[in-house]
Enquirer: 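One structure is given below, represented as structure tokens, and several questions about it will come after.
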Amino acid sequence: MEKYGYRFSFGPWNIHEGADPFGPAVRPSVPFEKKLEAYQRLGFDAVQFHDDDAVPNLDDKPPAQIEAEARALKAKLDSMGLAVEFVAPRLWEHPMTIDGAYTANDPAARAYARERSRKALDIAQALGTDLIVLWLAREGTYMREAKDAARAVDLLVEAINDMLDYAPGMRFAVEPKPNEPMDLAYIPTIGHAVALSFKTKDPSRVGVLVESAHAILAGLDPADEMAFGLAYGKLWSVHLNDQNGLKFDQDRSFGAVNLRRAFDQVLVLDDHRYYEQGIVGLDVKALRTQKAEVAEKHLRNSLETFLWLVERVRSLDRAAMQGCIAARDYEELDRLILAHLLRH
Ligand code: 3MF
Ligand code: MG
């Protein structure tokens, strides 16, 4: 398969049992080893990890054991030719994070979050990646009056500064999402994340991850969110997927809802040579209706759609496009793009 210089990744959570808030699992769990085989079978290059995907139950393990398990995992991944894209501290399941992690009102909860983050950094270093992703899942409110939203920004900066000090070789990509699980998140967009980075002690090591669905849920265009990150040299990862309007986070296959919106994301990534700096992550979930034996097709489809769109981007008649732009004939430009996508 021609990959146009791109490398691809997903996380073990993207092969999923199909449970949702209203019903149980509908497919058996796929053992981690089997998931790793799927990466190879589907043509992926790298794995994304939550800290406890890499080292299960890490809250109950001493640092030496955490490091030994992470090193054993790294050896296995090396033997399979798989890289590690990033590690993300999972700060949204433990009882200590019920009311938030870095921004919890309870100082003991904030201390837990920092301690857990240091463990995630140890794991990332043992796995040989320099990238940490911070999805700030519970950093926000259900009840606006319960917290001071200005102080929350300072608490986030303090927490990131702590990680910057702890691991001087590591970079941090903030993954904004406006809602879910919280009603209102403190860092809902890429603009917020970029601003946050400049309040930390080393902005050169704090960047962003754009997830298509999260941008759409914020009422924004994912391609423009990517462009904003690129303009600051801070787009260090992407979670491509799709989303049908302002609903729950759907993690639909890339391009499945709005092909032109997907094209625009590939256009901005390709024009700005994203393939030279980052891996294309696909944060997609199989539909709950999908039977177990075909519950990987969302990954195959998303990767293939991305590559089809790279081909469409690179074969676009740029002179004709520039002609439309110069003439300010945007209806003609509209037709040119649609005709090109539809191969007319
Ligand atoms: C939630 C997400 C998360 C993050 C992941 C890595 C479970 O909407 O997108 O996926 O991407 O935790 O940061
Ligand atoms: Mg994501």
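Just so you know, ligand 1 is whichever comes first in the structure, and atom 1 is the first atom listed for that ligand. Computed from a prediction, not measured in an experiment: that's the story for all the values here.
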Enquirer: When you measure from atom 12 (O) of ligand 1 to every protein heavy atom, which one gives the shortest distance, and what is it?
Expert: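 Residue, atom and distance for the closest contact: His50 NE2, 2.6 Å.
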
Enquirer: Specify the protein heavy atom at minimum distance from atom 4 (C) of ligand 1: its residue, its atom name, and the distance to 0.1 Å.
Expert: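 Among all protein heavy atoms, the one nearest atom 4 (C) of ligand 1 is Glu175 OE1, 3.3 Å.
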
Enquirer: At a 4.0 Å threshold, what atoms of ligand 1 neighbour a non-hydrogen atom of Val133?
Expert: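 So the atoms of ligand 1 that pass are 13 (O).
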
Enquirer: Is His214 near ligand 1, meaning one of its heavy atoms is under 4.0 Å from it?
Expert: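 Yes.
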
Enquirer: For His298 and Ser253, indicate whether the former's side chain and the latter's backbone hold a donor-acceptor pair under 3.5 Å.
Expert: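 Checking the backbone N and O of Ser253 against the side chain of His298, no donor-acceptor pair under 3.5 Å is found.
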
Enquirer: Any carboxylate oxygen within less than 4.0 angstrom of a Lys/Arg side-chain nitrogen, looking at Lys199 and Asp154?
Expert: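 Looking at Lys199 and Asp154, the cut-off is met.
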
Enquirer: Looking only at protein heavy atoms, which one is nearest to atom 3 (C) of ligand 1, and how far off is it?
Expert: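 That would be Trp135 CE3, 3.7 Å.
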
Enquirer: What N/O/S atom of Asp283 gets nearest to the Mg ion (ligand 2)?
Expert: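 For Asp283, the N, O or S atom at the smallest distance from the Mg ion (ligand 2) is OD2.
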
Enquirer: For a side-chain contact (heavy atoms from CB on, under 4.5 Å) with Leu127, tell me which candidate from Lys74, Arg71, Glu85 qualifies.
Expert: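 Result: among Lys74, Arg71, Glu85, Lys74 is the only option passing the side-chain contact (heavy atoms from CB on, under 4.5 Å) with Leu127.
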
Enquirer: If only atom types and distance count, is the side chain of His272 paired as donor or acceptor with the main-chain N or O of Tyr274 below 3.5 Å?
Expert: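 Checking the backbone N and O of Tyr274 against the side chain of His272, no donor-acceptor pair under 3.5 Å is found.
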
Enquirer: Roughly how far, to the nearest 0.5 Å, is CG of Asn301 from CZ of Arg252?
Expert: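 Here the rounded value is 10.0 Å.
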
Enquirer: For a quick check under 3.5 Å, do Asn14 and Asp283 share a side-chain donor-acceptor pair by atom type?
Expert: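 On atom types as modelled, these side chains qualify, holding a pair under 3.5 Å.
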
Enquirer: Could you tell me whether the Mg ion (ligand 2) has an N, O or S atom of His239 under 2.8 Å away?
Expert: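 A backbone or side-chain N, O or S atom of His239 is under 2.8 Å from the Mg ion (ligand 2).
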
Enquirer: Restricting to N, O or S atoms of Glu175, which is nearest to the Mg ion (ligand 2)?
Expert: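 Going through the N, O and S atoms of Glu175 one by one, OE2 ends up nearest to the Mg ion (ligand 2).
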
Enquirer: Looking at the Mg ion (ligand 2), is there an N, O or S atom belonging to Asp251 that lies under 2.8 Å away from it?
Expert: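 No, Asp251 does not qualify, because none of its backbone or side-chain N, O or S atoms lies under 2.8 Å.
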
Enquirer: Backbone, side chain, both or neither: what part of His239 comes under 4.0 angstrom of ligand 1, heavy atoms only?
Expert: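 For His239, only side-chain atoms sit under 4.0 Å from ligand 1.
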
Enquirer: Once you restrict to heavy atoms under 4.0 Å, what part of Phe49 touches ligand 1? Side chain, backbone, both or neither.
Expert: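 Under 4.0 Å from ligand 1, Phe49 contributes no heavy atoms.
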
Enquirer: Is a side-chain donor or acceptor of Arg205 paired with a backbone partner of Pro168 at a separation under 3.5 angstrom?
Expert: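 The answer is yes, because a donor-acceptor pair under 3.5 Å joins these two groups.
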
Enquirer: Can you tell which part of Gln48 has a heavy atom less than 4.0 Å from ligand 1: side chain, backbone, both or neither?
Expert: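 The answer is neither.
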
Enquirer: What do you reckon, does Trp92 have a nitrogen or oxygen under 3.5 Å from a nitrogen or oxygen of ligand 1?
Expert: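 N/O-N/O distance below 3.5 Å does not exist for this pair.
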
Enquirer: What are the atoms of ligand 1, with element, lying closer than 4.0 Å to any heavy atom of Lys177?
Expert: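 Near Lys177, meaning under 4.0 Å from one of its heavy atoms, ligand 1 has 1 (C), 8 (O).
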
Enquirer: When rounded to the nearest 0.5 angstrom, what is the spacing between CG in Leu36 and NZ in Lys34?
Expert: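 Answer for the CG-NZ pair, Leu36 versus Lys34, is 10.5 Å.
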
Enquirer: Should Arg116 and Asp51 count as an ion pair when the cut-off is N to O under 4.0 Å?
Expert: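 Looking at Arg116 and Asp51, the cut-off is met.
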
Enquirer: Give the atom name of whichever N/O/S atom in Glu211 sits closest to the Mg ion (ligand 2).
Expert: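 This residue's closest N, O or S atom turns out to be OE1.
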
Enquirer: Would you call the rings of Tyr112 and His94 parallel, tilted or perpendicular, taking 30° and 60° as the class edges?
Expert: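 Plane angle under 30°, so parallel.
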
Enquirer: For ligand 1, which atoms have a heavy atom of Asp249 less than 4.0 angstrom away?
Expert: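 Every atom of ligand 1 under 4.0 Å from some heavy atom of Asp249: 8 (O).
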
